[in-house]
K.L.:
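Sending over a structure as structure tokens; questions will come in a sec.
Whatever order the structure lists ligands and atoms in, that order sets their numbers, starting from 1. All residue numbers in this chain count up from 1 along the given sequence. As a basis for the values below, the full set of heavy atoms in this structure was taken, side chains included, without hydrogen atoms, waters or symmetry mates.
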Amino acid sequence: MTISGMGNAAEARRTLSKDPGTAGGGARTVRLSKVYGSGDMAVRALDDVSVELPARRFTAIMGPSGAGKSTLMHCVAGLEDATSGKVYVGDQELGALSDRRLTRLRRERIGFVFQAFNLLPTLTAHDNIVLPMTLAGTAPDREWLDTVVRVLRLGDRLAHRPAEMSGGQQQRVALARALVTRPQIVFADEPTGNLDSRTGGEVLGLFRHAVDDLGQTVAMVTHDPVAAGHADSVVFLADGRIVDIMDAPTPDRVLDRMRGLGDHR
Ligand SMILES: Nc1ncnc2c1ncn2[C@@H]1O[C@H](COP(=O)(O)OP(=O)(O)OP(=O)(O)O)[C@@H](O)[C@H]1O
């Protein structure tokens, strides 16, 4: 998919290449299990999952409701502890980190785009975008911020508050916020779930752009075979286990596979 008005990708790549160490890392799990609760109430949300989210690739995560998709993303992003097994972001094993170092790794290497955008209503688009840095007490890299804003076509929206923007614009602000710290990995939980198909298509195009032109790694949970068709590969989960991995997915093939898993949405 090509995106109009994306700015100069070669320039973005050059900007990025100044600091190659902060972009392009992947993540993986080794025999990851996650159990919620205990005894009779125990739920095994992830069961012995070994999977790779390769660097500079766009991976979709699919599967029926309750399959463990969000749990997998939360564990890989360091938002939840593993019950057993290991999670690596780049070469770093998350379980080996103190809380403080884990928080720092999350802040510096990981970006999140949640379905509900999670923008603060009283802040302008600009202040929402730089919020992670404001919270961390650091200053944004002006040149990089300008690049992200230009690529995401937000230049004329920076002074607006979320209520003054369309859903697609708010999603782009959320994406800018996830990208501005130059995270190695961007995690997105059903990012197109609430969007009309045109805006959803734009967001998916932005993820492709982040991977192909900005050298980032994207992992996205989705129920939508068309959305998954934008990814490089699809990881299928069912009952907390990986049941298939599909490279070069098309919406038709994804739909067939989903039907086979009993997800008829
Ligand atoms: N905090 C929690 N406490 C207890 N059980 C949980 C918790 N979070 C998730 N679960 C359970 O773990 C399993 C996997 O949940 P998860 O949210 O990862 O699935 P999902 O594939 O993302 O589902 P959906 O598509 O409906 O969002 C489910 O059975 C769910 O009820």
K.L.:
Checking T124 now: which residues fulfil side-chain hydrogen bond (donor to acceptor under 3.5 Å, both in side chains) with it, not counting sequence neighbours?
P.N.:
none

K.L.:
Measuring from the heavy atoms of G68, does anything fall under 4.0 Å of ligand 1?
P.N.:
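Yes; G68 lies near enough to ligand 1 that a heavy-atom distance drops under 4.0 Å.
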
K.L.:
Counting each atom of ligand 1 from 1 as listed, which ones have a heavy atom of H223 under 4.0 Å away?
P.N.:
25 (O)

K.L.:
Go through it in stages, so that I can follow the logic: the residues are F187 and V76, the test is side chain to side chain contact (heavy atoms under 4.5 Å, CB included), and I'd like the CA-CA distance, side-chain angles, deciding distance and then a yes or no.
P.N.:
CA-CA 9 Å; F187 292 97; V76 179; 3.6 Å; yes

K.L.:
Checking the N or O distance criterion of under 3.5 Å, is ligand 1 in contact with A45?
P.N.:
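N/O-N/O distance under 3.5 Å: no.
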
K.L.:
Using a 4.0 Å heavy-atom cut-off, say whether T71 meets ligand 1 through its side chain, its backbone, both or neither.
P.N.:
both

K.L.:
Could you give the distance from CD (Q92) to CG (L102), rounded to the nearest 0.5 Å?
P.N.:
9.5 Å

K.L.:
Heavy-atom contacts with V43 under 4.0 Å: which atoms of ligand 1 show up? List them by number with element.
P.N.:
11 (C), 12 (O), 29 (O)

K.L.:
Rounded to the nearest 0.5 Å, what separation is found between the CG atom of L72 and the CG atom of L32?
P.N.:
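Answer rounded to 0.5 Å: 6.5 Å.
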
K.L.:
So do the side chains of T29 and C75 get within less than 4.5 Å of each other, counting heavy atoms only?
P.N.:
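The answer is no, as the side chains (C-beta and beyond) never meet within the 4.5 Å cut-off.
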
K.L.:
Have a look at P64, A67, S70 and point out the one with the heavy atom closest to atom 17 (O) of ligand 1.
P.N.:
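Minimum heavy-atom distance to atom 17 (O) of ligand 1 goes to S70.
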
K.L.:
Is any side-chain N of the basic residue among D256 and R253 closer than 4.0 Å to the acidic one's carboxylate O?
P.N.:
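Looking at D256 and R253, the cut-off is not met.
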
K.L.:
Determine whether any heavy atom of H74 lies closer than 4.0 Å to an atom of ligand 1.
P.N.:
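Judged by the 4.0 Å heavy-atom criterion, H74 does not count as contacting ligand 1.
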
K.L.:
Closer than 4.0 angstrom: is that true for some heavy atom of G66 and an atom of ligand 1?
P.N.:
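Yes; G66 lies near enough to ligand 1 that a heavy-atom distance drops under 4.0 Å.
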
